[in-house]
Protein chains: 2
Amino acid sequence: MTEEGTAVVRAVRGRPRSAAADRAIIGAVLRLLERGIGVGALSIEGIAREAGVGKATVYRRWPGKDELLLDVMRALDEPPPEVRGRSVREDLVEILEGLRRKGLAKRDSALLRTMMSHFHSHPRLWQEYHDTVIRARRETLHAVLRRGVAEGEIRADLDVELLGELFVGPMLSRALLHEWRELPEGLSEQIVDGVLDGARPRG
Amino acid sequence: MTEEGTAVVRAVRGRPRSAAADRAIIGAVLRLLERGIGVGALSIEGIAREAGVGKATVYRRWPGKDELLLDVMRALDEPPPEVRGRSVREDLVEILEGLRRKGLAKRDSALLRTMMSHFHSHPRLWQEYHDTVIRARRETLHAVLRRGVAEGEIRADLDVELLGELFVGPMLSRALLHEWRELPEGLSEQIVDGVLDGARPRG
DNA sequence: ACGATACGAGACGGATCCGTATCGTAAGCG
DNA sequence: CGCTTACGATACGGATCCGTCTCGTATCGT
């Protein structure tokens, strides 16, 4: 957590920072966001209370709410899953399944919603979220699509960017703005096959 | 604004409610949300200040923030555009163009983001937003798709629900969670044609 | 004209949060 | 051991908002 920044200044003597407190604070923020609190209504006081921690323990680590949120996002950084199935179609289904499962995880979907609404007016935070969480998955998907184009499974005359959107967009819009019931089981296959085959009747 | 509720009680004598104040208040809320304020951070005091109105004038009309927000949403209720072009493809492009233009209107996209993140934990408000803003457009789209199925322009073996998602999802995910640059001019056609033709090479 | 109600402005006590400071205690290092 | 820093708790003055209330004025029906 802001390691380099503080390591220069902090003396090595005395009682060391508690890693448990770090976890408690970040966990508290996630819990509050999950609960639908919203960044604007997040208070350091409330976070410390939820974490069972003194306010000073928060301020000792982060100068303010935005910096804390940056580290909350970094804490979510999981590498995107390796996909290399028997076919491009299989890989696409796999990627969408990952999104679907993430969409079901209240934590992630609440976080995404929060990021989108709050960070619209905080470009620096959005940039960080994008770089941390979104970009890697996006590039995994694009790699699969390029492989599909190379192997003849995917049309070569469409922009990879657009192709990615066609596959991911339907899943995201379902997860984000439809009723928040669980996304049905076979949805990933339906989307992948629908986009692959197209909406027009074939031959 | 909550007409029926108050009309019963309010006497007809005395100075009437100012419609200008209604508009000022609702406009103020929209302006604040546009600015990225976030429902959690919205205060009646701030709204009244932004509207150039006394707090009592707000409380005279609405008992609280949630009820005010309901009327803000109702104020946005425009009937979805009539579409009946020369082809189903044309209608689909038209519908997506409408979404794209709305996505460009800061007002609407900021509002949608806000609704999504806040109303996740306020099902009643979401329900209202859904019924007011989303459902009509959704049914317009589904009607076009059903017409396409009937006329043979659209595959008959796919769920209309899923088909709609395939067309609308990509536009929404672009408007909602990618960089907030303007959506490019030809995007609607690209999406419609991409989904119609499919991602797999033909013939 | 007159009575009734709405208006903008703002005072009010209570609540919450801000960021800082000060407790007594805990936990490392030499 | 003694030194140093972190810990949870809590107090502090200042800020903002809550929802209600009271001003003096404005604008309607009668």
Side-chain angles (χ1 to χ4, degrees), chain A residues 1-3 5-29 31-33 35-71 118 122, chain B residues 1-3 5-29 31-33 35-71 118 122:
Chain A
M1 318 297 137
T2 325
E3 281 299 330
T6 53
V8 181
V9 172
R10 275 184 60 202
V12 282
R13 293 189 303 181
R15 178 174 174 177
R17 294 271 170 92
S18 158
D22 286 327
R23 286 192 301 271
I25 294 169
I26 292 196
V29 173
R31 238 160 17 241
L32 291 173
L33 290 179
R35 223 170 281 166
I37 294 291
V39 183
L42 264 189
S43 68
I44 302 285
E45 200 136 1
I47 292 168
R49 198 185 310 131
E50 171 77 24
V53 141
K55 282 205 294 180
T57 302
V58 180
Y59 280 112
R60 204 173 284 123
R61 289 167 165 75
W62 297 279
K65 199 162 55 173
D66 282 353
E67 290 78 7
L68 168 53
L69 282 173
L70 280 181
D71 278 342
H118 178 70
H122 295 67
Chain B
M1 314 300 134
T2 324
E3 281 301 327
T6 52
V8 181
V9 172
R10 275 183 60 203
V12 282
R13 292 191 302 179
R15 179 174 173 176
R17 293 271 170 93
S18 156
D22 286 329
R23 286 192 301 270
I25 294 169
I26 292 197
V29 173
R31 241 159 17 241
L32 292 172
L33 291 179
R35 223 170 280 165
I37 294 291
V39 183
L42 263 190
S43 67
I44 301 285
E45 200 137 359
I47 291 168
R49 199 186 309 129
E50 170 78 22
V53 141
K55 285 205 295 179
T57 303
V58 180
Y59 280 113
R60 205 173 284 123
R61 289 166 166 74
W62 296 280
K65 198 163 53 173
D66 282 353
E67 289 78 7
L68 168 54
L69 282 173
L70 280 181
D71 278 342
H118 178 70
H122 297 67

Which of C:dC17, C:dA6, D:dC7 is nearest the side chain of B:Arg60? It is C:dA6
Could you give the distance from CG (A:Leu42) to CG (A:Leu69), rounded to the nearest 0.5 Å? 6.5 Å
Side chain of A:Arg17 only, heavy atoms from C-beta on: which candidate in D:dC28, D:dA26, D:dC7 is closest? D:dC7
note: B:Tyr59, atom OH; C:dA9, atom C1'; distance rounded to Å ~ 16 Å
Protein-nucleotide distance (A:Asp66, atom CG; C:dC18, atom P), rounded to Å: 12 Å
To the nearest Å, give me how far apart NZ (B:Lys65) and P (D:dC18) are. 7 Å
Rounded to the nearest Å, what distance is computed from the CH2 atom of residue A:Trp62 to the C1' atom of nucleotide C:dG19? 17 Å
Comparing B:Glu45 with B:Ala56, nearest DNA chain D nucleotide closer to 5' gives the residue B:Glu45
Assuming nearest nucleotide by heavy-atom distance, tell me which of A:Ala41 and B:Ala19 is located more 5' along DNA chain C. B:Ala19
Could you check how far CZ of B:Arg23 sits from C1' of C:dA6, rounded to whole Å? 16 Å
Please report the distance, rounded to the nearest Å, between CD in A:Glu67 and C1' in C:dG19. 14 Å
When you measure only distances, ignoring hydrogens and angles, does the side chain of B:Arg15 come within 3.5 Å of the base of C:dA4 through a donor and an acceptor? no
Over how many whole Å does the gap from B:Ile37 atom CD1 to D:dC17 atom C1' extend? 14 Å
Watson-Crick or G-U wobble mate for D:dC21, both contacts under 3.5 Å: C:dG10
Can you see if the side chain of A:Arg61 gets near the phosphate of D:dC7 - specifically, an N or O under 4.0 Å from OP1 or OP2? yes
Does A:Ser18 place a side-chain N or O at less than 4.0 Å from the phosphate oxygens OP1/OP2 of D:dA6? no
Over all atoms of both residues, closest heavy-atom pair of A:Val53 and A:Val58: CG1-CG2, 4.1 Å
Under 4.0 Å from OP1 or OP2 of D:dA9: is there any side-chain N or O of A:Arg49 that close? no
Under 3.5 Å, side chain of A:Lys55 to main-chain N/O of A:Ile47, donor-acceptor pair present? no
The Watson-Crick or G-U wobble partner of D:dG29, with both key distances under 3.5 Å, is C:dC2
One thing to verify: whether A:Asp22 and A:Arg61 come together as a salt bridge, which I'm taking to mean a side-chain N less than 4.0 angstrom from a carboxylate O. yes
Consider the side chain of A:Ala21, meaning its heavy atoms from C-beta on, and name the nucleotide among C:dG28, C:dC18, D:dC7 that approaches it most closely. D:dC7
Heavy-atom check, side chain of A:Ile44 versus side chain of A:Trp62, under 4.5 Å: no
For A:Arg13 and C:dA26, give me the distance from atom CZ to atom C1', rounded to whole Å. 18 Å
Which nucleotide wins on minimum distance to the side chain of A:Lys55, given the candidates C:dT5, C:dA21, D:dA11? D:dA11
